[in-house]
Amino acid sequence: MAEARITPRKQDYAQWYQDVVREGGLAEPAEVVKGCMVIKPHGYAVWEKMQADLDRRFKATGHQNAYFPLLIPLSFLAKEAQHVEGFAMECAVVTHAGLRAVDGKMEIKNELEEPYVIRPTSETIIGHFFAKWIDSYRDLPLLINQWANVMRWEKRTRLFLRTGEFLWQEGHTAHASHDEALEEVHRMLDVYRDFAHEIMAMPVIQGTKTANERFAGAVETLCIEAMMQDGKALQAGTSHDLGQNFGKAFNVTYQSEKGEREFVWQTSWGVSTRLVGAMVMTHGDDDGLVLPPKLAPIHVVIVPIYRKDDEKDRVNSAAQMIAKDLRADGLTVKVDDRDGIKPGAKYYEWERKGVPIRIEIGPRDLEQQSVMIKRRIAPIGPDGKAMKESLPLQHLGLSIGRVLDEFQAFLFDRAQKNMNDNTVMIDSWKDFEAVFADDGSKFVWAHWDGTTETELAIKEATKATIRCIPLPRQGPAKEAGACVKTGKPSAQRVLFSKNY
RNA sequence: CGGGGCGUGGCUCAGCUUGGUAGAGCGUUGCGUUCGGGACGCAAAGGUCGGAGGUUCAAAUCCUCUCGCCCCGACCA
């Protein structure tokens, strides 16, 4: 009877991911628009939760939201040499405007004098406006964030993880000194780490990208890297020190206290809808989506249970009362009072959608003034079934709140354990190759001689890349050693993994 | 963009080799009986077989082109 809607992870991880995204009601391929996706209401609700919390954190650190155009003059892109090189191939270009209907078909009319690119990121156009807005050291720091869509014409796409168009936020700031800019870069990286830990229940490692992996146009790129359940890494957020590169390209200058004209020091930082995919692959299981309570659009689903009509009325009205009380306590509650569907079917459906807590309420519970609750992930009891808990109706909101907090913490600990269990220190090339043999991946701390050449050779041999050079206390204690590939001297271990 | 696979009711797929005018299961709708882990009976709706050309008396089936999805590779948040 059970329908295998979701491919087990062990059987085919990539297929499992797609199944969960579909069955969880998160998104589907846009079908008529290559490489793009439709984010469905449940998926968008998760993104809105992410946005709300991040936005609060950005404002708390002094940033203001603004909005810049989707279209960027083609010439802007060329002003920063590294930047163009990095993005040129991924740019969609607008060359014409206007259509005319001819025999029921649309004919493209006027060619534009200067084409526009659809923003793959906004450093250039924001650089242009920063140059206008900044004149004096008194105008600094300028701390701007933009919530927007961007487009990168990717060869290969996967829902949420890499799509032609995606939603994100991009912070752009300008400062009077490099130190101040660096402070900002680290501050926002910490905001991302805190968000990942506290809201997504997703442990991350903070580090610096190698020159090879650096953002096009940045002096330095910092990142947070998360581990998915298959041992692969996913870059969950980035924070860039842009130095004076864009300042020079767009002539963003200010008059210092000494009266001298100086280029500003800029930063940019972003996270995207990719985080939704990260959440799926961090917490999901073979039964479907698992939502951390702090990202769950619905905290609690109530399933009424009854046999006879009089029971049905009593149970349903009790369910509504409970929902009302819980809502008063700030929880989002859904009462699944659909008739004609058995409770078991409802259980499976809401589990697929990742709702953290289910409340079952039936005649027996009414008598006892209690409800049965089931966590989305619960220990297996002696009877071989997932354990349920009975909670008294009195102060139910408080009890549920406590359970949600516990569940949030449980998910983080579980993810952290998965990361720890799949992280290894490796010193021999043979062992290194073994970790990444076949489709395998872990987080590997190994020594590296610091050259791009070796980095690429390792990638060629194993598909593993350097995810980051850890910041202090983000990896094993710093110790000198010999490069795992070349045996040349290395100052510290770096993080290797296959990645998304 | 190179290699491979796949597009047939909402979903999963059969039918294609050997052309004859579309099926199954699940889901959906209605009614009744059910309801503490995926119910059952009866009735019903729903597809110009991804799209466009072509071959043919006749195309889901053969040919050409095209669009999209998935996997591998190169590239990337």
Side-chain angles (χ1 to χ4, degrees), chain A residues 1-7 12-15 17-19 22-23 28-37 85-90 120-121 150-170 192 209 212-213 215-216 221 223-226 233-240 268-278 287 303-309 311-312 315 336-352 358-366 371-372 374 378 383-386 388 390 439 456 459-460 463 465 499-500:
Chain A
M1 282 303 164
E3 303 153 45
R5 296 168 192 257
I6 296 171
T7 307
D12 184 342
Y13 195 81
Q15 186 61 47
Y17 175 77
Q18 287 185 71
D19 291 348
R22 172 170 43 83
E23 291 297 326
E28 63 186 52
E31 187 175 83
V32 288
V33 187
K34 187 179 170 71
C36 292
M37 66 176 166
E85 204 176 305
F87 284 104
M89 289 304 291
E90 300 173 39
T121 179
V150 289
M151 175 159 273
R152 295 181 187 177
W153 212 265
E154 297 288 349
K155 314 281 191 220
R156 193 173 161 200
T157 58
R158 304 186 72 182
L159 293 175
F160 288 115
L161 302 177
R162 177 164 293 105
T163 48
E165 180 187 9
F166 57 94
L167 307 182
W168 77 348
Q169 60 65 215
E170 44 182 326
Y192 288 156
K209 286 294 187 188
N212 183 48
E213 299 269 340
F215 174 77
T221 288
C223 63
I224 53 172
E225 294 284 329
L234 185 138
Q235 181 175 310
T238 51
S239 187
H240 312 292
S268 69
W269 29 274
V271 297
S272 73
T273 36
R274 175 176 243 208
L275 289 178
V276 178
D287 296 323
V303 178
I305 291 156
Y306 44 78
R307 291 167 193 273
K308 311 176 198 99
D309 275 354
E311 280 181 357
K312 176 175 160 184
V315 168
D336 189 351
D337 56 3
R338 288 175 298 173
D339 209 359
I341 297 175
K342 292 187 78 169
K346 294 179 182 177
Y347 300 167
Y348 282 105
E349 178 173 336
W350 293 110
E351 281 171 5
R352 277 200 299 279
R358 174 177 82 235
I359 291 180
E360 300 169 19
I361 178 160
R364 294 207 295 269
D365 304 297
L366 287 185
V371 295
M372 290 302 291
K374 159 74 171 50
D383 58 354
K385 291 179 188 165
K388 298 178 183 178
S390 179
D439 204 30
L456 293 176
K459 183 181 178 185
E460 175 74 22
K463 293 185 192 167
T465 54
N499 70 300
Y500 279 95

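Below, chain A is the first sequence line, B the second, and so on; all start at residue 1.
The residue F215(A) sits apart from the nucleic acid: no heavy atom pair falls under 4.0 Å. Residue K374(A) is classed as a base contact, given a heavy-atom separation below 4.0 Å to a base. The residue R338(A) sits apart from the nucleic acid: no heavy atom pair falls under 4.0 Å.
The pairing partner recorded for rA39(B) is rU33(B), the criterion being a Watson-Crick or G-U wobble arrangement whose two distances lie under 3.5 angstrom. Pairing for rC11(B) is with rG25(B), a Watson-Crick or G-U wobble pair whose two hydrogen-bonding atom distances lie under 3.5 Å. With a cut-off of 3.5 Å on both Watson-Crick or G-U wobble distances, the partner of rG2(B) is given as rC72(B). rA45(B) is unpaired under the Watson-Crick or G-U wobble criterion, no partner having all donor-acceptor distances under 3.5 Å. Using N1 to N3 plus N6-O4 or O6-N4 for Watson-Crick, or N1-O2 and O6-N3 for G-U wobble, each under 3.5 Å, rC62(B) pairs with rG54(B).
Nucleotides rC62(B) and rG19(B) place their P atoms 9 Å apart, quoted to the nearest Å. Between rC49(B) and rU61(B), the distance separating the two P atoms is 9 Å to the nearest Å. Rounded to a whole angstrom, the distance from the C1' atom of rG30(B) to that of rG37(B) is 27 Å. A gap of 13 Å separates the C1' atoms of rG10(B) and rA45(B), to the nearest Å.
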Each nucleotide N or O in nucleotides 67-70 of chain B that has a protein N or O under 3.5 Å away: list the pair and distance.
from    : atom 1 : to     : atom 2 : distance (Å)
rC69(B) : OP1    : G35(A) : N      : 2.7
rC70(B) : O3'    : Q18(A) : NE2    : 2.9

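Counting distance only, with no hydrogens placed and no angle test, the side-chain atoms of K346(A) and the base atoms of rG36(B) include no donor-acceptor pair under 3.5 Å. With hydrogens and angles left out, the side chain of R307(A) and the base of rG36(B) share no donor-acceptor pair within 3.5 Å. Donor-acceptor pairing under 3.5 Å, judged by distance alone, is present between the side chain of E351(A) and the base of rG37(B).
Look at K385(A) and you won't find any side-chain N or O under 4.0 angstrom from OP1 or OP2 of rG36(B).
Side-chain contact between I305(A) and V315(A) is absent, with no heavy-atom pair separated by less than 4.5 Å.
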